[in-house]
Amino acid sequence: MKIVLSVGGSMINPDGKPDVTFLREITKIIKESKHEFGILCGGGIVARAYANAARELGASEYDSDNIAIISTKQNAAILVAALLNGGVEVENKVFDNFDDAKRTGKKVVVMGGTIPGITTDTDAVLLAESMGAKRLLNLSNVDAIYDSDPRKNPKAKRFSKMTYEELISLATASDKRMAGTNFVFDLLACKLIARSKIETHFVAGKDLNGIKAAIEGKTHEGTVVK
Ligand code: UTP
């Protein structure tokens, strides 16, 4: 089965340097799995720092996004290095378009961001659509979808499962409520998983057993959307 992993920059590079332990752990999980993987890497704090610096210097949003995309590709490149040296059959490059990525015949392909104006959430879903993957895992420092921000509201309700429509209304609501702050998964990405009926699991990147369960479509501590 083909599966897409959207790996947040918060996992690959949580604090300004790559997390070698995480890179080894995710490599081991992929190596032991029988499935094929498309992996989309996020930019995290490094991408944000560069985009913000570019804006401060007067760069356009388009140019600032392009600078941030370089950080996503650097994260993708270090993951390719981890996979290759961990004995995984991976194409030794960071793909920058979906059509090339879907044609390799290798067990694993890795991408970063693609064009300004979107995020790696959307890229991950587009990669899934292009590969024909019907399952996607979002691995980040967010452990599940909640009805409000659990850091601010101790009574926030965690969803163990939800429909595409429920996810879209939550993403829409939080888009309006807090311009400039991100919902776990961007609205366009939510709409794309709905149109292609891609089963999407939100799992904490540190929850290795949860990741293994989600790869098999089983339940875990996070949220499944289908
Ligand atoms: P991310 O997808 O990592 O951004 O891309 P994010 O959602 O803000 O990050 P997380 O989920 O907290 O890690 C980083 C930045 O790269 C640019 C955007 O500026 C984005 O905010 N980007 C990324 C693009 O412009 N196009 C892409 O296809 C991907």
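What you see below is based on every heavy atom in this structure, not just the backbone, and it leaves out hydrogens, waters and symmetry mates. In listed order, ligands and their atoms are each counted from 1.
Side-chain atoms of T114 and I69, non-hydrogen and from C-beta on, never get closer than 4.5 Å to each other.
Ionic pairing of E216 and K34 is present here: one or more N-O contacts between side-chain nitrogen and carboxylate oxygen are shorter than 4.0 angstrom. Between E61 and R55, at least one side-chain N (NZ, or NE/NH1/NH2) sits under 4.0 Å from a carboxylate O, which counts as a salt bridge.
For the residues I118, D96, I67, the heavy atom positioned nearest atom 20 (C) of ligand 1 is part of I118. Of the listed residues (L126, D123, T120), the one carrying the non-hydrogen atom nearest atom 2 (O) of ligand 1 is T120.
Of all atoms in ligand 1, numbered sequentially from 1 with element shown, those under 4.0 Å from a heavy atom of G9 are 13 (O). Of all the atoms in ligand 1, the ones that sit under 4.0 Å from a non-hydrogen atom of G42 are 3 (O). Heavy-atom proximity to G117, at under 4.0 Å, picks out these atoms of ligand 1: 25 (O).
Looking only at atom types and distance, the side chain of D186 has a donor-acceptor partner in the side chain of T122 under 3.5 Å away.
Between H201 and H220, the angle of the ring planes lies from 30° to 60°, which puts this pair in the tilted group.
With a 4.0 Å heavy-atom cut-off, ligand 1 is reached by no atom of A51. The proximity of T122 to ligand 1, defined as any non-hydrogen pair under 4.0 Å, does not occur for either the backbone or the side chain.
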